[in-house]
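For ligands, and for the atoms within them, numbers begin at 1 and follow the listed sequence.
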Amino acid sequence: MSTLRSKWESPSNIALVKYWGKQPEGVQLPANASISFTLSESKTITAIDVSPAEQREVKIWLDGDLKPDFLPKIETFFDRIAEQFPWLDTSLIHIDTKNTFPYGTGIASSASSMSALALCICDIAVQRHELQESEMMSKASEIARLGSGSACRSIYAPLAEWGRHYDFEGSSDDFATPFIDVSPLFKDFCDTILLVDSGQKEVSSTIGHALIENHPFGEKRFELATVNMSKIKSALENGDLDSFMKVVESEALMLHALMMTSDPYFILMKANTLAIIEKIWAERGKNKRKWCFTLDAGANVHFLYPAEDEQIAKSFVDKELKQYCQNGLYICDRIGSGPNKLI
Ligand code: DP6
């Protein structure tokens with residue numbers, strides 16, 4: 001078989017109810033269900049070329065530069081999926097990738113990059129007539145999970161749910177499913193990502209997830225996440241912004257509280273993270289805004305607000321929040337429409 005090609009762009013996502021902790025058994029199965037907004041502007045564009053070879057050989061470029069340091073993560077991913085796609089073990093695989101957001105700004109690229117790569121692999125499997133086109137997205141979500149858990153949610157928009165939960169019909173620990181039945185209010189929600197700290201992550205997600213295994217509050221956390229999933233589902237369906245804000249902020253703070261109480265413990269927020277949160281709360285109190293924030297496992301703040309407030313929220317960012325961003329950097333993002341096939 002000659003060289004096969006595929007090219008996809010796939011977005012990042014921001015969790016509203018967080019995935020933090022893996023099941024002790026199985027590979028990359030979540031300790032609790034999670035749900036995220038799929039973003040529009042923060043994405044990875046990946047092209048792959050697959051040609052026959054004696055054994056597996058992988059080369060990866062980011063922005064045109066060869067990146068051998070990315071290989072261990074990619075090889076682990078290919079090892080995990082090689083049983084399903086045996087041709088990977090007898091292929092020369094060239095991966096050419098770039099992100100629309102600047103690398104090293106503290107924005108996690110694993111969700112967008114692993115979902116883009118998973119889509120390319122599944123697309124090649126379709127070209128090889130080994131996978132039905134109708135099953136492609138679900139399979140891409142399943143294998144994206146094996147690359148990075150949160151990546152499985154990037155396959156679907158406007159929101160995606162991952163992990164078995166009694167309120168989400170068809171939900172699974174193996175792959176994400178789209179969550180579409182939301183109030184129109186949430187279909188074009190905005191997310192301005194305030195880049196507080198671009199430093200290397202102090203704790204990688206993989207290590208962070210492991211810390212929850214023997215965490216003193218672990219069991220309670222999984223219980224609360226399960227309850228929060230039910231609450232956010234009804235808030236999203238009913239357009240209940242007050243309930244939405246409460247769940248989302250509580251989830252962000254709980255994630256950081258878990259990190260502060262792990263062994264070893266971490267404080268990932270910076271002084272400017274708190275300064276931004278305080279400004280958002282002050283403005284919310286003063287002008288009755290339906291604005292809130294969420295956090296990843298880092299110092300950056302995702303400032304979330306309804307699209308109808310876009311102009312006023314953006315001038316608030318410029319006047320009040322930008323000063324707390326490293327080099328004044330922030331990214332204007334919003335809910336998007338999911339991945340796209342480019343070739
Ligand atoms: C805080 O998906 O990056 O962003 O499965 O080990 O690759 P791995 O972890 P990852 O964890 C994401 C954690 C989070 C919350 C979330 O996205 O749900």
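Comparing H209, M114, K73, R145 by heavy-atom distance to atom 11 (O) of ligand 1, the nearest is H209.
If you look at H302 and F37, their ring centroids are not closer than 6.0 Å. Taking the centre of each ring, Y156 and F179 stay at or above the 6.0 Å mark. No close placement of the W162 and F175 rings is indicated, their centers lying 6.0 Å or farther apart.
Remark: distances from the non-hydrogen atoms of K22 to ligand 1 include one below 4.0 Å.
Remark: ligand 1 atoms within the under-4.0 Å shell around heavy atoms of R153 are 16 (C), 17 (O), 18 (O). Ligand-side atoms of ligand 1 in range of D296: 4 (O), range being under 4.0 angstrom from any heavy atom. Against a heavy-atom cut-off of under 4.0 Å, T206 is close to the following atoms of ligand 1: 6 (O). Heavy-atom proximity to A15, at under 4.0 Å, picks out these atoms of ligand 1: 16 (C), 17 (O), 18 (O). Residue Q28 has at least one heavy-atom neighbour below 4.0 Å for each of these atoms of ligand 1: 5 (O). Atom numbering of ligand 1 starts at 1 in the shown order; those under 4.0 Å from a heavy atom of G149 are 2 (O), 5 (O), 7 (O), 8 (P).
For S110, every heavy-atom contact with ligand 1 shorter than 4.0 Å involves the side chain, none the backbone. Contacts with ligand 1 closer than 4.0 Å are made by heavy atoms of both the backbone and the side chain of S148.
Looking at F316, F189, W281 one by one, the single match for ring-ring contact (aromatic ring centres under 6.0 Å, His included) with W291 turns out to be F316.
For ligand 1, one of its N or O atoms has an N or O atom of S205 under 3.5 Å away.
Side-chain N or O atoms of D174 include none that pairs as donor or acceptor with a backbone N or O of E142 at under 3.5 Å. Of the possible polar contacts, one joining the Q323 side chain to the E320 backbone as a donor-acceptor pair under 3.5 Å is found.
D69 CG: more than 12 foreign heavy atoms inside a 6.0 Å radius.
By the ring-ring contact (aromatic ring centres under 6.0 Å, His included) test, F217 is found to be paired with H215, residues two or more places apart in sequence or in another chain being considered.
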